[in-house]
Every structure is written in structure tokens, then in C-alpha cells.
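As C-alpha cells, the structure follows; a few thoughts come after it.
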Protein chains: 2
Amino acid sequence: MGDIEIQDLRLLRAVADTGSLSGAARQLGTSQGNISRQLQRIERVTGLTLFQRHSRGAAPTQAGRMLLRGADTVLPLVDQLLLSAAEHAAEYDAERDGEYDGEHGGEGAGAPRTGRSLRLGAVPTTVLPALTSTLATLLPQTPLDLRLDESPEVLLGLLRGGRLDLAVLRHWPVLDAPLSGRVDTAVIAEERLHVGVAAQHPLARRPCVTLADLRDLSGQGPGIPVLAEAGHGALCRHLVVAAERHGIRLPVSCAADRTDATARACAMSAVLLGYHGPAPVPGIVHLPLNDDATRCLLLLAWPAGGGLARHGAELAALARETYG
Amino acid sequence: MGDIEIQDLRLLRAVADTGSLSGAARQLGTSQGNISRQLQRIERVTGLTLFQRHSRGAAPTQAGRMLLRGADTVLPLVDQLLLSAAEHAAEYDAERDGEYDGEHGGEGAGAPRTGRSLRLGAVPTTVLPALTSTLATLLPQTPLDLRLDESPEVLLGLLRGGRLDLAVLRHWPVLDAPLSGRVDTAVIAEERLHVGVAAQHPLARRPCVTLADLRDLSGQGPGIPVLAEAGHGALCRHLVVAAERHGIRLPVSCAADRTDATARACAMSAVLLGYHGPAPVPGIVHLPLNDDATRCLLLLAWPAGGGLARHGAELAALARETYG
DNA sequence: GTCGATTACGGGACGCGTAAGTATT
DNA sequence: AATACTTACGCGTCCCGTAATCGAC
């Protein structure tokens, strides 16, 4: 399947907002024919019918609404990014930073790159601030180069390739394959999963829930009983696998962002899914999800034998302390 | 300035990850020369130098790192979106929904569109789940069509154009122009702003902070003292204006997402900025920001004289109650 | 008749691969 | 000499604007 581009999302947004292809053409400053062809192309590469054409306009299909939600999440981010770029264009002007720090293969022995930046890769987690605080205290003059990525595979690859000095990643001991060599690790914390439900939801009075409870929900009717927020795709996949081990087929899906997930879950009596430390939201009750299969460890990882070998364990201990 | 496309972000990511243009070419399955030209084009349209070329590779500049952070936020969302599209392609297959609901101009009189969906537009806020819960209870058979958008202007435009039935938006009474006619509104709540700082930060022991406190911080040194998360661009802009009224020039900037903002703030002793209800994060202390200029109201809005005229005020009252 | 969507046609722009050229180690 | 980035050339493809056609109200 071909890629979708940002221009395509803008087009979908314009068609939906104006309610017609010609309206979108006016809004985007192009011709009707162009919009029609573009939309056909987008529908072809996605394999979806996105709008029902009518003689008086066009209305999004269910698939179209899904892509529109995505557009609403992505487009503001992109616009913000371009804005920042424009702002800083004058500022950074003819700046001469970006000195080379290539370190070809993993010859990563030696001091922890004093004088240079510390390159930290991490999955999104609430431990991260505690860790960066600690790092800022321990290495006051070292700027931090932070790379957020949900995928442990990507982070491990970068670590092994010598392109990261340190990484924070999630490991599911029951579901994941054990970590291979060339990196050392220390456990920072065990993360507890939580589910969130509307205050009126039948599960809301429970002290905690299990996977079996979710199965019972799922049997109740069609629809989408479990929603996670964007950026938690790995969480979705792991939960599906964990449920399968119980013989449950959970329809888990990912919403566009946190707000979207929460609002939509309340509207359709669905269940929210998230890691440790959910934000308190009026009208939402959070419950711990207790199940052995969903145990999840936060690990600190660094190249085996690298300059951080000793500091790694210390850092993990400090982070563990703050995490409580 | 030209637009950036998703392919461009993937290219930047590949160059940064492999550390060289030729490495990126291998990873993306194209030629070295192509990568070089693409990168030149991207740097031309953004007006930024993104990578320092070296005879042994390429290293991102500060501007490049900014765009890379954006890429790390946007690309997972897009990939997720394409994944969902691929999943649902079979599912929705030859579905025949998407019935026309064009409602040309604003002839929006009549019943609240019984039998059709209720089209709700909203800014991202913690009240939303309470509202959607209430709506689900009041209109059990009506599917909810949710459109999230940070900009009140966009939402009001859609409301006036008859393309939304109801909207939740923010209004800053001190800073914004009063709302013009053709829509009715009711206050849902007054939102309090919060700032977050690392536990070691000098402000952490204060019971609350004011804009003047932030000025003192800003005078302390260079850097970026105030960070907001993505999707809160309006919050950034309003705070800058509010600070200017106090004669303060606050360097406020927006991070890529919540995790990024928090981790980065801790690393550089910066201050986080957010609306009501910050999530508890280990190592972070949240304080209310007390200042008249930063008062912010959450409004429920609907087309003047529309079918929701009476229900609007009731809904706002219900939401106000849940919001506490 | 008006508004809206689709389709055909012709021209121009853009992007790609190949390959030669330059610089650094 | 090897590696990596840049640049020139030639070609194919895709995209756009115009405009004609069809349908619905």
C-alpha cells in the first residue's frame, strides 16, 4: 500500500469541512477536477472508499471518518512544526553547530563522551523525567539528545549500532523473547497496566479488573470495547496476545490521541487502556489491570562493556528510587 | 515556505539514524544522489540547514534535531493510521454507509437531527468525557461524530456554517475579542492553568506561581524556560500575550508531545505549562498559575436559534456539575 | 439552468537512476 | 585507494489546468 502524504490529509479535511469536492477546490485554490482525481488516487492507494459522492456534495464514510480523525491529530502537529521551523529559521541562521559525532561501528569503549551530548533513547513513560533530572545533575555540562520511540527493536538497534549511549525500553517477560547480548540492562520498575471506564460503566465499582472481565464485556455486543491512545500500539498488540493466551479475542484499537480516546470511550461505553499513572479526568474511573501475562518491565539498557557499564546500574537504582 | 511531506520526515529520520546520506539511501532503497538532492530541497523549503555534511557522514544541526523530534511524533501516528486503514480495508470493504447529511447553508432550524449523528466539535480538554457520557445517556441511539480541533475560530466557523451541532471551546475573557453573534454559549467551567517543575527546581516549594515568577526565571540565563506540550499552541500564544501585558517577554515553546515536554523540561530545568488536571508524574511538582490575565473559560456553543437552543444550557449545567 | 462530479487532453514540472567529479581519510 | 557527498544529463512519470460530459434538483 502506498504512503499517504500530508497534502492528502489536508485535502480530506477540506472536503469534509466544506462538504463538497468543489468547496474543497475553492478552499485549496485548485480546480474541481483536480480534487476529484486526487481523492480517487487516495482511495486507490488506501484501498478504502472515503467519501460517498452525492449530487449535492460528499459525505465521509466510516473509513473516511477514521482517516479524518488521524488528520486532526497529525495536521496540527505538522503545522506547529513548520511554525517552529519558520521561527527558528532567522534565529539559527548561519549557525555552525552539529559537529560530527559519528563513531562508526560500535567501538564505543572509552569515557562517557565527555564534552559531547549524551544520546538517550526511550519509550514514552512517566519515569523519563526522573531519569533526565538525574542525568542533568550527574552530568551538568552534557547536553541531552533525547530520542523517543515506542519500539524496543529500534532502540536496541541504535544502541548496538553505537548511535545511542543509553536507552529506556519496555520488556514483557511473559510475552517477549529474551533480550539478546551486546547490551546490558537493569530493571527500573515494573509497570502496572490500568483501564479507565466512564463512571456509569458497570466495571466502575470494581476495585480492579482482569482480562476475563474484558472478555465478558466483549461478549456483550458489537463495537470496540477496548481503546488505547496513540503511541501505545505496542500495548495494544501485547494485550491482544495476552488475551489470546486466555482464549479471548479482544478487539483492541488505537484512538488518535488521549483526548480522543477518552471522549470516544465514554461515548460508546468502551474501556480505556494505559500504562501506569493515568491522569485524573472527571467522569472517568481508573482501575488496575491485574494479570500475570500483562506484566511489563521498564529496563535501562546500554552497550555491553561501554563507558556507561558501571553508571548504568547506578542510574537504574536512582530512577527506581524516584519512581517509587 | 513550502510544505513538508511525510516522505521528507522519513528521509530525515533515516539520515539521522544511519549517520550518513548513503546509509539512508541503502535503508530507503534509493540512490545516494537522490538523498542528497532531496535533503537539499527540504533545507531549501524550510530555510534551515538540517545536517552538517562531513566527509565521514552527516550530523544533525540544532534545527535538524528540532525537525527530528517532530518526525518522531508524527511518523508513529501516520504509521498507525495506515495500519488501521489496512486492517479496516477488508472489514469495511463494500460498505454502504455515509449517507448524505449536507445541510447546505445555515438553514439549521429543526429538530436536533434525530436519527442522524450528533456532530460535536471540541478543543482537547478533560471535560470532554463527562460531556460525551452525558450525551450518550441523553441520546442513546444517536452516534457521536467527534471533531477535535484546538482552534476556536475553526469550530465557530463550522458551527456557523451548519456543519457542527455543538462545540466546546476555550475563551480567554481578558485576551480574546468577545464572541460575535449567530451562536449561543454557556459557560461549562473556568480552567486553571498549571505549571510543572522538576522536584529539584527552585520553584518546586512554592504553593503557587505567578507570571512575575516566570520572569525572574527567564532573567536567570539563556535557554527555554517555558515548555508546553503539542496541541497547546493556543496556550503558548495566550501566555506570551499575557506576559507582554506585564512587560515580560517569555520565551515559550511547544515540545513534540507530553512525554517529550516533560523529559526535556527536567533535563534543562525548564517549566512545563498545561491546563487543568496534570497527570501525576514522579519527580514533577505541579503548581497552580494564578494570574488574572490567564483566566480561561470553557464554553459550550451551538447555533443561535437552532434545535439545541434549549438543550445547550442544560448540557452545560450537567457538564459543569461533573467537572466539579 | 445551476451546481457538482467525472473524464479526456495536452503541456509542463518534477523526480529518479546513472555516472562523473570533488574532497577527506 | 576507499568512502561519502555533490552535480550533470537524460528520461519517464505524474500532476495540473482547461474544458467537455453527465446527473440531480
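Below, chain A is the first sequence line, B the second, and so on; all start at residue 1. Values reported hereafter were calculated over all heavy atoms of this structure, with side chains retained and with hydrogens, waters and symmetry mates removed.
Rounded to whole angstrom, the span from the CZ atom of A:F51 across to the P atom of C:dG4 amounts to 16 Å. Atom pair B:Q52:CD and D:dA4:P shows a separation of 18 Å (rounding to whole Å applied). Atom pair A:Q32:CD and C:dG4:P shows a separation of 7 Å (rounding to whole Å applied). The separation between B:R53 atom CZ and C:dA23 atom P is 17 Å, rounded to whole Å. Rounding to whole angstrom units, CZ of residue B:R44 and P of D:dT7 are separated by 12 Å. Summarising the geometry, the separation between NE2 on A:H54 and P on C:dA5 is reported as 11 Å, rounded to the nearest angstrom. Taking atom CD1 of residue B:I35 and atom C1' of nucleotide D:dT7, one finds them 16 Å apart after rounding to whole Å. In this structure, CG of A:N34 is placed 17 Å from P of C:dG4, rounded to the nearest angstrom.
Proximity note for B:S22 (side chain, C-beta onward) versus D:dA4, C:dA5, C:dG17: the nearest is D:dA4. Taking every side-chain heavy atom of A:S36 into account, C:dA5 is the closest of D:dC15, C:dG15, C:dA5. Set against C:dC16, D:dC5, C:dT6, the side chain of A:Q40 has C:dT6 as its closest nucleotide. Of the candidates D:dT7, D:dC16, D:dC25, the closest approach to any side-chain atom of A:S55 belongs to D:dC25. If you check C:dT6, D:dC15, C:dT25 against the side chain of A:L21, the one that comes closest is C:dT6.
No N or O donor and acceptor, one from the side chain of B:R41 and one from the base of C:dG15, sit under 3.5 Å apart. If you check distances only, the side chain of B:R37 does reach the base of C:dG17 with a donor-acceptor pair under 3.5 Å.
A:G23 comes within 4.0 angstrom of nothing in the nucleic acid, heavy atoms only.
No donor-acceptor contact under 3.5 angstrom links the side chains of B:R65 and B:Q62, judged on distance only. Judged purely by distance below 3.5 Å, without hydrogens or angles, the side chains of B:R41 and B:Q38 pair a donor atom with an acceptor atom. For the residue pair A:Q32 / A:S36, no side-chain donor-acceptor distance below 3.5 Å is found, with atom types taken as modelled.
Mapped onto DNA chain D by nearest heavy atom, B:R26 and B:G33 fall at different nucleotides, with B:R26 at the one closer to the 5' end.
Within the 4.0 Å cut-off from OP1 or OP2 of C:dC16, not a single side-chain nitrogen or oxygen of B:S31 is found.
Here the closest heavy-atom approach between residue A:T46 and residue A:L50 is recorded as OG1-CD1, 4.4 Å.
Residues A:R10 and B:D3 form a side-chain contact, since some pair of their non-hydrogen atoms from C-beta on lies under 4.5 Å apart.
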